Amino acid sequence: MQVISVVNQKGGVGKTTATVNLGHALARQGKRVMLLDFDPQGHLAACLGLFRLPPGGADRLLTGEGGLDDWAIAVSDWGRVVPCGDALAEFEQQDAGVQAMGNLRDAIDRAPPDVDYLVVDCPPSSGRLIVNAIVAADEVLIPVAGDYLSLTGLARLMLTIKRLQPVCRSEMRKWIFMNRFVARRRLSREVHEKVREHFPYSLLCGVVSEAAALAESAGTGRSIFDYRPRSKAATEFSALAEDLVYQRVVANEQETTSDVA
Ligand SMILES: Nc1ncnc2c1ncn2[C@@H]1O[C@H](COP(=O)(O)OP(=O)(O)OP(=O)(O)O)[C@@H](O)[C@H]1O
Ligand SMILES: [Mg+2]
């Protein structure tokens with residue numbers, strides 16, 4: 001099982017949107033997908049239209065009560081989700097760090113065999129929950145929305161991930177993608193260019209454009225593939241999932257282009 005944690009300490013950049021839609025895109029490519037809500041805001045279940053939730057979820061995984069399978073519920077017909085549980089916020093403050101980290105790792109090691117990808121939606125903070133989610137992951141996916149403040153945050157986040165590498169579960173792969181991209185907006189293009197310049201081996205080839213349909217789909221509790229399967233946003237998320245699976249980053253694209261030239 002591959003664990004992908006979707007992180008960015010900046011709020012509203014598209015972490016939950018990416019978790020839902022990449023999760024469904026991976027499922028459409030034949031992968032067996034489970035989503036894990038690591039954000040006490042509980043947006044993930046809400047975006048999926050799930051309101052009748054089990055009494056626990058990610059919070060119980062951190063206290064060592066039960067495994068992923070025990071707290072997972074079905075999402076439509078394409079996957080399963082483990083909600084955050086009512087007590088998750090307490091872990092951000094509590095000094096239960098090391099124990100909780102061990103418990104989460106155990107839960108991941110004991111994951112059901114019928115899961116190919118566990119996609120973890122993280123909160124907009126840089127506290128304990130994020131550290132746990134990074135340390136438990138095989139891959140980290142960072143959505144970046146197009147403004148200059150995102151760039152300073154991104155550099156800091158990449159450094160944090162690098163520092164955590166020695167205690168990580170595996171050799172961490174770091175992916176970045178541009179969200180809310182607007183090709184005709186200069187700022188969008190400039191931020192994309194800067195990220196390409198600084199992190200060419202992490203920046204995935206595809207972008208996700210600004211699309212009202214994405215915000216609407218969350219409101220209806222469905223992924224973009226259930227809400228507007230033929231939209232540009234659905235096509236972009238499918239392509240992004242392929243980028244992730246086949247590790248298509250702009251550096252390789254640049255190399256290929258220069259080879260041809
Ligand atoms: N590409 C996009 N086009 C238009 N709206 C988008 C796009 N991506 C995300 N949004 C909208 O922006 C808002 C924030 O997105 P989302 O909740 O995914 O961000 P987040 O990083 O998970 O936020 P938080 O940090 O609070 O958890 C939501 O209303 C979402 O529907
Ligand atoms: Mg979110």
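Bear in mind that the values here come from a model prediction, so they are computed numbers and not experimental data.
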Item to check | Salt-bridge contact R128-E92 (side-chain N to carboxylate O under 4.0 Å) | outcome: no
Next on the checklist: Tell me whether R60 is salt-bridged to D86, with the criterion being a basic N under 4.0 Å from an acidic carboxylate O.
Outcome noted: no
Next on the checklist: I'd like to check the side-chain contact (heavy atoms from CB on, under 4.5 Å) partners of S76; sequence neighbours left out, ordered by chain and number.
Outcome noted: W78, D226
Checklist entry - Any donor-acceptor pair under 3.5 Å linking the side chain of S202 with the backbone of W175? => result no
Item to check | Shortest non-hydrogen contact from I161 toward I142 | outcome: CD1-CD1, 4.0 Å
Checklist entry - Does D116 come within less than 4.0 Å of K31, counting only side-chain N to carboxylate O? => result no
Checklist entry - Between V144 and V13, is there a shared hydrophobic cluster once you connect ILVMFWY residues whose side-chain heavy atoms come closer than 4.5 Å? => result no
Checklist entry - Okay, side chain of K15, backbone of K10: is any donor-acceptor separation there less than 3.5 Å? => result yes
Checklist entry - Does any N or O in the side chain of N21 come within less than 3.5 Å of the main-chain N or O of I224, such that one atom is a donor and the other an acceptor? => result yes
Checklist entry - Does the side chain of V81 come within less than 4.5 Å of L36's, by heavy atoms? => result no
Checklist entry - Do L35 and L118 have side-chain heavy atoms sitting under 4.5 Å apart? => result no
Next on the checklist: Could you check whether any side-chain N or O of D138 sits under 3.5 Å from a backbone N or O of V3, counting only pairs where one atom can act as donor and the other as acceptor?
Outcome noted: yes
Checklist outcome for this item: Between A25 and A241 the two heavy atoms that sit nearest each other are CB-CB, 3.6 Å
Checklist entry - How far apart are the C-alpha atoms of L204 and I176, what are their side-chain angles, what is the distance that settles it, and do they pass the side-chain contact (heavy atoms from CB on, under 4.5 Å) test? => result CA-CA 6 Å; L204 294 173; I176 302 168; over 6 Å; no
Checklist entry - Do L187 and Y148 come within less than 4.5 Å of each other through their side chains, counting heavy atoms only? => result yes
Next on the checklist: Hydrophobic clusters here meaning ILVMFWY residues chained together by side-chain heavy-atom distances under 4.5 Å, can you tell me if L159 and M172 are in one?
Outcome noted: no
Item to check | Check: F38 and D121 side chains under 4.5 Å, non-hydrogen atoms | outcome: no
Next on the checklist: Please evaluate residues E197 and H192 with respect to the criterion side-chain contact (heavy atoms from CB on, under 4.5 Å), reporting the C-alpha separation (whole Å), side-chain torsions for both, the decisive distance (0.1 Å), and the verdict.
Outcome noted: CA-CA 9 Å; E197 201 180 295; H192 192 207; over 6 Å; no
Next on the checklist: Please evaluate residues N103 and L62 with respect to the criterion side-chain contact (heavy atoms from CB on, under 4.5 Å), reporting the C-alpha separation (whole Å), side-chain torsions for both, the decisive distance (0.1 Å), and the verdict.
Outcome noted: CA-CA 5 Å; N103 290 337; L62 289 172; 5.5 Å; no
Checklist outcome for this item: Exactly one of V208, V207, L240 clears side chain to side chain contact (heavy atoms under 4.5 Å, CB included) with M178, and that residue is V207
Checklist entry - Any side-chain heavy atom of V7 within less than 4.5 Å of one from L157? => result yes
Item to check | R110/D70 ion pair, N-O < 4.0 Å | outcome: no
Checklist entry - D59 side chain to G56 main-chain N or O, any donor-acceptor pair under 3.5 Å? => result no
Checklist entry - Are the side chain of S223 and the backbone N or O of H24 linked by a donor-acceptor pair below 3.5 Å? => result no
Checklist entry - Has the side chain of Q9 got a donor or acceptor atom that lies under 3.5 Å from a matching backbone atom of G153? => result yes
Checklist entry - Any idea which heavy atoms bring A233 and L214 closest together, and the distance? => result CB-CG, 3.8 Å
Next on the checklist: For residues Y246 and V249: do they belong to one hydrophobic cluster (side chain heavy atoms under 4.5 Å, members Ile, Leu, Val, Met, Phe, Trp, Tyr)?
Outcome noted: yes
Checklist entry - For S125 and I130, which heavy atoms make the closest approach, and how far apart are they? => result O-CG1, 3.0 Å
Item to check | Flag side-chain contact, heavy atom, 4.5 Å: L129 against P40 | outcome: yes
Checklist entry - Side chain of R189, backbone of A183: donor and acceptor closer than 3.5 Å? => result yes
Checklist entry - So, do M101 and V135 sit near enough that their side-chain heavy atoms are less than 4.5 Å apart? => result yes
Checklist entry - What heavy-atom pair brings G42 and D37 nearest, and what distance separates the two atoms? => result CA-OD2, 3.2 Å
Checklist entry - Would you find a donor on one side and an acceptor on the other, under 3.5 Å apart, between the side chain of S209 and the backbone of V182? => result no
Next on the checklist: What verdict does the side-chain contact (heavy atoms from CB on, under 4.5 Å) test give for V33 and V115, after you've listed the backbone C-alpha separation in whole Å, the side-chain angles of each residue and the deciding distance to 0.1 Å?
Outcome noted: CA-CA 6 Å; V33 175; V115 181; over 6 Å; no
Item to check | From CA spacing to verdict: salt bridge (charged side-chain N to carboxylate O under 4.0 Å, His left out), D147, R185 | outcome: CA-CA 11 Å; D147 63 78; R185 198 178 291 159; over 6 Å; no
Checklist entry - Got a donor-acceptor contact below 3.5 angstrom from the S217 side chain to the Y227 backbone? => result no
Next on the checklist: For the OG1 atom of T220 and the CG atom of L48, what is their distance to the nearest 0.5 Å?
Outcome noted: 10.0 Å
